[in-house]
Amino acid sequence: MKDLSLVIVGGGSGLGALLARMAVEAGAAKIGIIDINREAAEAALEPARAKGLPTAVATADIQVGAESHAAFEAIASKLGRVDTLINCAAIYPRRPLLEITDAEWDASNGINIKGTYHMMVAAVAHMQDQEPGQDRVRGRIVNLTSVDAFKAHPQNAHYAATKAAVVSLTRSFAHHVAKDGILVNSVAPAGMATERAKALGFLEELAKASPLGRGALPAEIAEWVLMTGGPKNTYMTGENVIVSGGYIYA
């Protein structure tokens, strides 16, 4: 991420907060976070501030287009150029397949699909006006999808369906903005051994599902996200990078 300015949506906790810290370690120049929890976003930016980097925070309900655009514009007005957008915000509800309620569908669709869409539109509008770098790239967008998009998942089918939709959105956006020098990709992890997964007792389930016998460490997924959204990626677009520890084939 050397010398890049990036914005992380859902960067206040979990993988998003880890990405903010690892981006600083990888040489990012500026970091902004958009999150519904301002206090968490401010805390996630502490590593960047400790290094004296410019930072910015904005809050938004990303289900609402106007709020999403206003948040992105607030970040961009403070940071200036935005080289990379990373969409991490999502909810992961579980419900038996035949019992999913309208409210659960609406929440999953609103955050996981609409929210990702709104933030991509906001980023594209900003990046299209930027001068390309020497690598001909005006900007990069990385969406977090899931290996669940490609496997039967009756315990959270509504989540899996939204992530399949984000894979489709990624390809459509990539095709539309390729002429502008904007690269749009997604990264699809399998289950991660996060603190939340530990608290919910999912580690044994993750281990059984993986040929490697364990869930991914969040940092192992973050490395692929940063690579996809970083300066080494100058040509890949419209791709979905699966990092599943073999789960996709199991």
Side-chain angles (χ1 to χ4, degrees), residues 1 4 6-11 14-16 19 23 34 60 62-63 65 68-69 71-72 82-92 108-128 130 132 135-151 153 156-192 216 218 220-244 247-248:
M1 302 306 290
L4 296 187
L6 70 150
V7 174
I8 304 171
V9 183
L15 182 63
L19 283 164
I34 297 172
I62 61 172
Q63 299 178 84
S68 300
H69 285 262
F72 190 92
V82 174
D83 296 295
T84 300
L85 171 74
I86 300 175
N87 275 312
C88 281
I91 58 172
Y92 183 83
S108 295
N109 291 338
I111 296 171
N112 299 359
I113 303 175
K114 281 175 57 183
T116 298
Y117 169 80
H118 290 322
M119 297 312 312
M120 291 172 75
V121 172
V124 165
H126 175 82
M127 291 173 178
Q128 283 175 325
Q130 297 182 154
D135 55 11
R136 306 181 190 179
V137 176
R138 280 192 169 87
R140 298 170 178 86
I141 297 173
V142 186
N143 299 319
L144 266 294
T145 56
S146 170
V147 73
D148 292 357
F150 308 101
K151 297 209 45 160
H153 230 281
N156 62 342
H158 46 331
Y159 169 80
T162 65
K163 290 304 186 179
V166 173
V167 172
S168 178
L169 272 178
T170 298
R171 292 173 178 155
S172 295
F173 268 81
H175 183 77
H176 186 70
V177 300
K179 65 183 183 304
D180 300 312
I182 301 172
L183 308 180
V184 187
N185 295 283
S186 56
V187 174
M192 287 181 279
E220 293 175 309
I221 303 303
E223 291 285 1
W224 286 94
V225 176
L226 294 177
M227 184 281 293
T228 304
K232 290 184 178 179
N233 177 23
T234 59
Y235 194 71
M236 181 175 72
T237 195
E239 302 290 351
N240 181 69
V241 181
I242 295 175
V243 190
S244 77
Y247 170 70
I248 188 72

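On a predicted model such as this, the values are computed, not experimentally measured, just so you know.
Residues Asn233 and Val137 are not in side-chain contact: their nearest non-hydrogen atoms beyond the backbone lie 4.5 Å or more apart. Residues Ile248 and Lys151 have side chains in contact (heavy-atom distance under 4.5 Å, counting atoms from C-beta outward). Put simply, the side chain of Leu144 reaches to within 4.5 Å of the side chain of Ile86, judged on heavy atoms. Taking the side chain as every heavy atom from C-beta outward, Val241 and Asn185 never approach each other to under 4.5 Å.
Counting only distance, with no hydrogens or angles, the side chain of Asp83 and the backbone of Arg140 share no donor-acceptor pair below 3.5 Å. A donor-acceptor pair under 3.5 Å links the side-chain atoms of Thr84 to the main chain of Gly229, judged by distance alone.
Every side-chain contact (heavy atoms from CB on, under 4.5 Å) that Ala222 has, sequence neighbours left out, goes to Leu15, Leu18, Leu19, Met22. Here Ser186 pairs with Asn143, Thr145, Thr170, Asn240 under the side-chain contact (heavy atoms from CB on, under 4.5 Å) rule; sequence neighbours left out. For Glu223, there are no salt bridge (Lys or Arg N to Asp or Glu O under 4.0 Å) partners, not counting sequence neighbours. For Ala160, the side-chain contact (heavy atoms from CB on, under 4.5 Å) criterion is met by Asp148, His153, not counting sequence neighbours. In this structure, His158 has no side chain to side chain donor-acceptor pair (under 3.5 Å) partners at least two apart in sequence or on a different chain. In this structure, the side-chain contact (heavy atoms from CB on, under 4.5 Å) partners of Ile113, at least two apart in sequence or on a different chain, are Asn109, Thr162, Ala165, Leu169. The side chain to side chain donor-acceptor pair (under 3.5 Å) check on Gln130 picks up His126, with sequence neighbours excluded.
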Could you tabulate the donor-acceptor pairs under 3.5 Å formed by side-chain atoms of residues 171-181, not counting sequence neighbours?
unit_1, atom_1, unit_2, atom_2, d
Ser172, OG, Ser168, O, 3.3
Lys179, NZ, His176, O, 2.7
Asp180, OD2, Gln128, NE2, 3.0

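For Pro189 against Met192, the heavy-atom pair with the smallest separation is CG-CE, 4.4 Å. Nearest heavy-atom pair across Gly16 and Ile8 is O-CD1, 3.8 Å. Shown here for Cys88 and Gly10, the closest heavy-atom pair between the two residues is CB-O, 4.1 Å. The shortest non-hydrogen separation linking Lys163 to Ala90 is NZ-CB, 3.6 Å. When every heavy atom of Asn87 is checked against every heavy atom of Ile141, the shortest pair comes out as ND2-CG2, 4.4 Å. Summarising the geometry of Tyr159 relative to Ile91, their closest heavy-atom pair is CD1-O, 3.2 Å, with the distance given to 0.1 Å.
Annotation: the span from Leu85 atom CG to Phe72 atom CZ amounts to 6.0 Å, rounded to 0.5 Å. Within the model, atoms OG of Ser146 and OH of Tyr92 stand 7.0 Å from one another, a figure rounded to the nearest 0.5 Å.
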- Message: The test is side-chain contact (heavy atoms from CB on, under 4.5 Å); show your working for Val243 and Glu220 and say whether it passes.
- Response: CA-CA 9 Å; Val243 190; Glu220 293 175 309; over 6 Å; no
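Between Val9 and the choices Met119, Met120, His118, the side-chain contact (heavy atoms from CB on, under 4.5 Å) rule is met once, by Met119.
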